[in-house]
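One structure is given here, and the rest of the page talks about it.
What you are looking at is a predicted structure, and each value in this text was computed from that prediction instead of being measured. In what follows, chains are A, B, ... by sequence order, proteins preceding strands, each numbered from 1.
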Amino acid sequence: GAVVSQHPSWVICKSGTSVKIECRSLDFQATTMFWYRQFPKQSLMLMATSNEGSKATYEQGVEKDKFLINHASLTLSTLTVTSAHPEDSSFYICSARGPGRSNQPQHFGDGTRLSIL
Amino acid sequence: DAKTTQPNSMESNEEEPVHLPCNHSTISGTDYIHWYRQLPSQGPEYVIHGLTSNVNNRMASLAIAEDRKSSTLILHRATLRDAAVYYCILRDPYSGGGADGLTFGKGTHLIIQP
């Protein structure tokens, strides 16, 4: 089945550092990818929709200047958390909808656990 | 996406069937019922989806009520590896061109006892 790969799996860094997370669709082309964030004991919250070749669409309350999204190819989207602070520590997960009809399921990466000291 | 209601948690014994309910009384005619599950420290995993008829795949079965206001995910023989949070999500592929992200509720935390 369709596979989405996310890298790195976990990151620990100092406050003020910028962190880049990669999301790749390994065996299909994804014109649209999604980025979610999950805090401990909470459900996933959609942050933004990443569109290949165009600007990302951010959900209300998500700072676009802080969470930079680049979707330069049909198989790669990146999320950069700029000047990260401890409150940005979370589990970040990407997904891509499988090819074909629009009711196809989404395929998720295994997530990136970000810890800001 | 229309709202769904699921029990916060359920407990079952290993090797027994599990029935996970989901209520979606405001479902529209074009909403598909999707189920995903999330194992600890992993991203969600697609389980099954359907529109009106019951659906079966290698992971589970989906039983949809005739009025489509509720559905049940059936794990025929639970194993310890099925312990996860199960999410029931409605998706309208004709809304946003299928390009919308998923709206996750709290889901059902399934506990499997050995």
Side-chain angles (χ1 to χ4, degrees), chain A residues 1-7 9-10 21 23 30-52 54 56-60 62 69 71 77 90-115, chain B residues 1 3-9 22 27-53 55 57-60 62 64 73 84-109:
Chain A
V3 177
V4 172
S5 173
Q6 195 171 334
H7 178 81
S9 300
W10 54 272
I21 303 170
C23 180
T31 55
T32 304
M33 291 185 175
F34 304 94
W35 288 95
Y36 297 83
R37 180 168 53 182
Q38 185 175 33
F39 291 107
K41 299 192 183 300
Q42 295 187 24
S43 192
L44 282 79
M45 292 294 292
L46 178 66
M47 297 177 65
T49 301
S50 173
N51 304 299
E52 188 269 336
S54 65
T57 305
Y58 291 83
E59 296 299 301
Q60 191 173 7
V62 178
I69 291 172
H71 194 154
S77 175
S90 189
F91 191 45
Y92 292 85
I93 308 165
C94 70
S95 75
R97 182 170 60 80
R101 293 172 297 174
S102 56
N103 64 338
Q104 288 300 303
Q106 289 194 13
H107 303 278
F108 289 81
D110 280 337
T112 297
R113 192 161 301 282
L114 176 61
S115 296
Chain B
D1 292 332
K3 185 176 172 59
T4 62
T5 305
Q6 300 177 252
N8 289 333
S9 66
C22 180
I27 190 171
S28 74
T30 52
D31 281 328
Y32 280 74
I33 303 159
H34 288 246
W35 283 83
Y36 289 80
R37 71 179 185 181
Q38 186 177 22
L39 279 65
S41 299
Q42 293 187 26
E45 174 187 27
Y46 166 77
V47 178
I48 200 167
H49 76 286
L51 183 62
T52 56
S53 303
V55 184
N57 67 20
R58 63 175 181 82
M59 291 182 68
L62 176 60
I64 302 172
L73 179 70
V85 179
Y86 286 78
Y87 297 99
C88 170
I89 300 171
L90 302 184
R91 292 281 288 132
D92 181 355
Y94 305 103
S95 171
D100 295 338
L102 298 177
T103 301
F104 286 81
K106 295 185 183 300
T108 297
H109 184 197

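Within 6.0 Å of the CE atom in A/Met45, the count of heavy atoms belonging to other residues, nucleotides or ligands does not exceed 12.
Residue A/Glu59 does not touch chain B at all, counting heavy-atom pairs closer than 4.5 Å.
Taking the centre of each ring, B/Tyr36 and A/Phe108 come in below the 6.0 Å mark.
Here the side chain of A/Tyr36 pairs no donor or acceptor atom with the backbone of B/Phe104 at under 3.5 angstrom. Not a single donor-acceptor pair under 3.5 Å links the side chain of A/Ser43 to the backbone N or O of B/Lys106.
Here the shortest heavy-atom pairing between A/Phe91 and B/Gln42 reads CE2-O, 3.7 Å.
In terms of the side-chain contact (heavy atoms from CB on, under 4.5 Å) criterion, residue partners of A/Thr31 (sequence neighbours excluded) are, by chain and number, A/Leu74.
Ranked by heavy-atom pairs under 4.5 Å with chain B, the first of A/Leu44, A/Ile93, A/Leu46 is A/Leu44.
Using a 4.5 Å cut-off on side-chain heavy atoms (C-beta onward), A/Gln106 and B/His34 make no contact.
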